[in-house]
Engineer: 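Take this structure first; my questions come after.
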Amino acid sequence: MSDATAVPETVIELRGVTTRFGNHVVHDGLDLEVQRGEIFALVGGSGSGKSTLLREMILLHRPDAGEIRVLGNTLRDLSDDAARALRKRWGVMFQHGGLFGALTVKENIGLPLREHTDLTDAQIDAIADAKLALAGLEPEVGAQMPSELSGGMMKRASLARALALDPELLFLDEPTAGLDPISAGGVDELVRKLRDQFGLTIVMITHDLDLLWQVADRVGVLGHGKVQGVGSMAELSRMTNADIQPYFAGPRARGAQGSATSKPR
Amino acid sequence: MKPTATPLSALQGIGRRSVAQLEQSWALLSFVGETASVFAASVTRPSRWRWRQVLFNIRSAGVDALPIVGLLSFLLGVVVAYQGADQLRQYGANIFVADLVGVSMLREFAPLITAIIIAGRSGSAYAAQIGTMAVTEEIDALRTLGIAPLELLVLPKVMALVIALPLLTVFADVLGVFGGMLMARSQLGIGYTEFLDRFVKAVSVTTFFVGLAKAPVFAAIIAIVGCFQGLRTRGGADSVGRQTTRAVVQSIFLVIVADALFSVAFSALDL
């Protein structure tokens, strides 16, 4: 699959996605594409439907209209078995971790393996250790319960679990929200490393301007039920759309932009 | 569903509540259907059964509940015999205390008190556990890992309770009758052998099974309502508390309704 990265290939394709909650229209005929091997970021104000869109891509929510294709599968008419198979091909890191409170960190990471593979306990243990290290956590963390972890460790543990089945596609929900700047910087690096070393396609929701400038290849801005613009941060900064401009105005935006342009990738 | 600026008229209020109630009943009904279909699918694949979860739930909902169920049904037996003693003594029908305690405990009180205790004890625990998991995104995480929450969280609980509640009911039967027996001796001077002699004659096997047959139904109601309310948790921690309360109120309500329906059905069947 590594040679596929050379050719642009659409991993996720959304066509005319419409979502309503009661009378409130969240997505109004939204179109979006994500290519293989890229780091794609979704941004938008609160209530713009980023999280809902992510939930729709990972089969947690069904749009009212439109079509979503992920890894060549149309999500709408997926059988239970096909859905089960597809879920093994992606990993999801939840905003609050979503780790199972009754299990240790290592058991959490091993759970997908226990469910979907016939590996022995020793093998699962070894894989869990490897994923723990990959996510940048000390081996001792594996024996801890999720409630004992700090916010940053929780996200890393969640990431380790998302990586357990060696997915092709990774979804990150607010990977740096609630982290101190140093931990957030570590996440930046980790996300880039995962893409570069394993050729993962990464879709993330974020508000973090540094993450957007430093890591994202392309950024999609959601607003008023549609994608208002897609492109690299540099491309977006030249667009005049009212939903996009706030990301480039204001001192915080200029600061992130400045540090990104002065420090070439 | 934003509240409007003007206060609702009484009629509007009733209308909204009815719609919400209907929606919830409908959702509960489809949840029962979903659980049944997951159960039917898993029957053919016993290898996928979560035996560990079932056994764990039998222990936490069954074994751990033995003291409280035993104590309360013992006290209930004492109360029934004590209240009956005065009346029976007036007619010199002392020995019929065995009929009174035996039939009322085995047929009605033991299954009902056990179900109510378990609804308060385990139904609430199920709702709180699943509700907390919903708030902390654990349910979403399960789904994305390809594990159906119904299969992992709901089915083992339903199965465990369907096994545990009848057993608890038998335990409550024994302790309840024992309580009545103690009271019969101290209040009416009826010895244990005398009491048990009469008990065996007065209480048919049918009476015992009529009481016992209700327990699995009560168990299914408690487990399903608890899990259903837990899975309906949305938003934050306060919602977990609300759903837990709902789970207990609804499951006790439905248990009593089911008990009434059983009474009607059994009398129609002449049992």
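Proteins come first, then strands; the chains are lettered A, B, ... in the order of their sequence lines, and each starts at number 1. Not measured: the values here are computed from a predicted model.
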Engineer: Is it the case that atom CG in A:D118 sees more than 12 heavy atoms from other parts of the structure closer than 6.0 Å?
Structural biologist: no
Engineer: Within the distance-only criterion (no hydrogens, no angle test), does the side chain of B:E137 pair as donor or acceptor with the backbone N or O of A:H96 below 3.5 angstrom?
Structural biologist: yes
Engineer: So for atom NE2, which belongs to A:H224, do other residues, nucleotides or ligands contribute more than 12 heavy atoms lying within a distance under 6.0 Å?
Structural biologist: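 No.
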Engineer: Can you say whether A:L60 sits under 4.5 Å from chain B via the side chain, the backbone, both, or neither, judging by heavy atoms?
Structural biologist: side chain
Engineer: State, with a plain yes or no, whether a side-chain heavy atom of B:T144 is found less than 4.5 Å away from one of A:F171.
Structural biologist: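 Answer no - side chains too far apart.
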Engineer: Just how far is it from atom OG1 of B:T136 to atom CZ of A:F94, taken to the nearest 0.5 Å?
Structural biologist: 10.5 Å
Engineer: Taking everything shown except A:R114 itself, do over 12 heavy atoms lie less than 6.0 Å from its CZ?
Structural biologist: yes
Engineer: Is it the case that atom CG in B:D238 sees more than 12 heavy atoms from other parts of the structure closer than 6.0 Å?
Structural biologist: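 Above 12, so yes.
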Engineer: Which region of B:I139, side chain (C-beta onward) or backbone (N, CA, C, O), has a non-hydrogen atom less than 4.5 Å from a non-hydrogen atom of chain A, or is it both or neither?
Structural biologist: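 Contact with chain A: none, neither part.
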Engineer: With a 4.5 angstrom heavy-atom cut-off, could you sort out which part of A:L99 is near chain B: side chain, backbone, both or neither?
Structural biologist: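 For A:L99, backbone heavy atoms alone lie under 4.5 Å from chain B.
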Engineer: If you count heavy-atom pairs under 4.5 Å with chain A, which of B:L145, B:D140, B:T132 comes out on top?
Structural biologist: B:D140
Engineer: To check you understand the geometry: which heavy-atom pair defines the closest contact between B:A141 and A:G98, and what is its length?
Structural biologist: CB-O, 3.4 Å
Engineer: Within a radius of less than 6.0 Å around CG of B:L11, do more than 12 heavy atoms belonging to other residues, nucleotides or ligands occur?
Structural biologist: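 Not buried by this count: 12 neighbours or fewer within 6.0 Å.
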Engineer: Using a cut-off of under 4.5 Å on heavy-atom pairs, state which of A:R84, A:Q95, A:R161, A:E115 scores highest against chain B.
Structural biologist: A:E115
